[in-house]
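Here's the structure we're looking at; comments come further down.
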Amino acid sequence: MSAGHTAVTADLEPCGLPEHPDCGIRDVLDRLGDKWSVLAIVELTVGTRRFRELQRSIHGISQRMLTLTLRRLERDGLVLRTVFPTVPATVTYELTDRGRSLTHLVRQLTDWSLAHKDAIAGSRRAWDAANPGSTVS
């Protein structure tokens with residue numbers, strides 16, 4: 001490890017220790033580490049979107065999961081839901097200031113993922129070949 005890496009991690013206190021039982025990081029990371037939350041945030045970085053627009057743009061997400069994800073993000077103050085009094089009602093979603101403050105971090109994560117996806121896929125193939133019959137996925 002580099003000296004810089006050690007210095008950064010030295011300031012972090014691990015969660016779950018008896019003297020440090022709940023630092024709050026786990027709760028936040030549970031939400032932000034959820035793949036649907038990250039994908040919803042990525043889609044909302046382009047601006048205000050309607051529910052169906054989000055559903056079409058997030059491949060594989062069900063209507064129920066998108067509803068739950070948006071409600072959770074709204075509850076955390078990351079997404080603003082606006083209902084317009086039309087028939088039928090028009091509902092839009094957009095990032096709040098707090099949600100927008102995440103976009104540079106999410107962007108770094110997506111850039112890193114794109115840069116390393118081929119290498120990770122190769123590592124997985126090699127591991128799977130060396131461990132036939134494994135149930136790890």
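In this text the structure is predicted, and so the values were computed from the model without any measurement.
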Going hydrophobic residue to hydrophobic residue with side-chain gaps under 4.5 angstrom, can you get from I41 over to L109?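 No, I41 and L109 fall in different hydrophobic clusters.
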Where at least one partner belongs to residues 96-137, residue pairs that pass ring pair (Phe, Tyr, Trp, His ring centres under 6.0 Å), sequence neighbours excluded: W112-H116
By the ring pair (Phe, Tyr, Trp, His ring centres under 6.0 Å) test, which pairs, at least two apart or in different chains, include something from residues 26-74? none
With salt bridge (Lys or Arg N to Asp or Glu O under 4.0 Å) as the criterion, how do D128 and R125 come out once you've worked through the C-alpha distance, each side chain's angles and the decisive distance to 0.1 Å? CA-CA 5 Å; D128 291 344; R125 283 190 300 274; over 6 Å; no
So [Y] and [X], do their side chains get closer than 4.5 Å, heavy atoms only?
X	Y	result
R107	T110	yes
R64	T67	no
T45	V106	no
R49	L44	yes

Any chance you could measure L68, atom CG, to S62, atom OG, to the nearest 0.5 Å?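 Answer for the CG-OG pair, L68 versus S62, is 8.0 Å.
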Could you state the interatomic distance from CG (L66) to CZ (R56), rounded to the nearest 0.5 Å? 11.5 Å
Closest contact, heavy atoms only, T69 versus A40: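 Looking at all heavy atoms of both residues, the shortest contact is CG2-CB, 4.3 Å.
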Is there a donor-acceptor pair under 3.5 Å between the side chain of E53 and the backbone N or O of R50? yes
Test your reading of the model: is there a side-chain donor-acceptor pair from S134 to the backbone of N131, 3.5 Å cut-off? no
Side-chain donor-acceptor contacts of residues 72-91 below 3.5 Å, not counting sequence neighbours, with atom names and distances?
{"from": "D76", "atom 1": "OD2", "to": "R31", "atom 2": "NE", "distance (Å)": "2.6"}
{"from": "R81", "atom 1": "NE", "to": "Y93", "atom 2": "OH", "distance (Å)": "3.4"}
{"from": "T86", "atom 1": "OG1", "to": "P88", "atom 2": "O", "distance (Å)": "2.6"}
{"from": "T86", "atom 1": "OG1", "to": "T90", "atom 2": "N", "distance (Å)": "3.1"}
{"from": "T86", "atom 1": "OG1", "to": "T90", "atom 2": "OG1", "distance (Å)": "2.9"}

Taking atom CZ as the centre, does R100 end up with more than 12 heavy-atom neighbours from other residues, nucleotides or ligands that are less than 6.0 angstrom away?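 Result for CZ/R100: enclosed.
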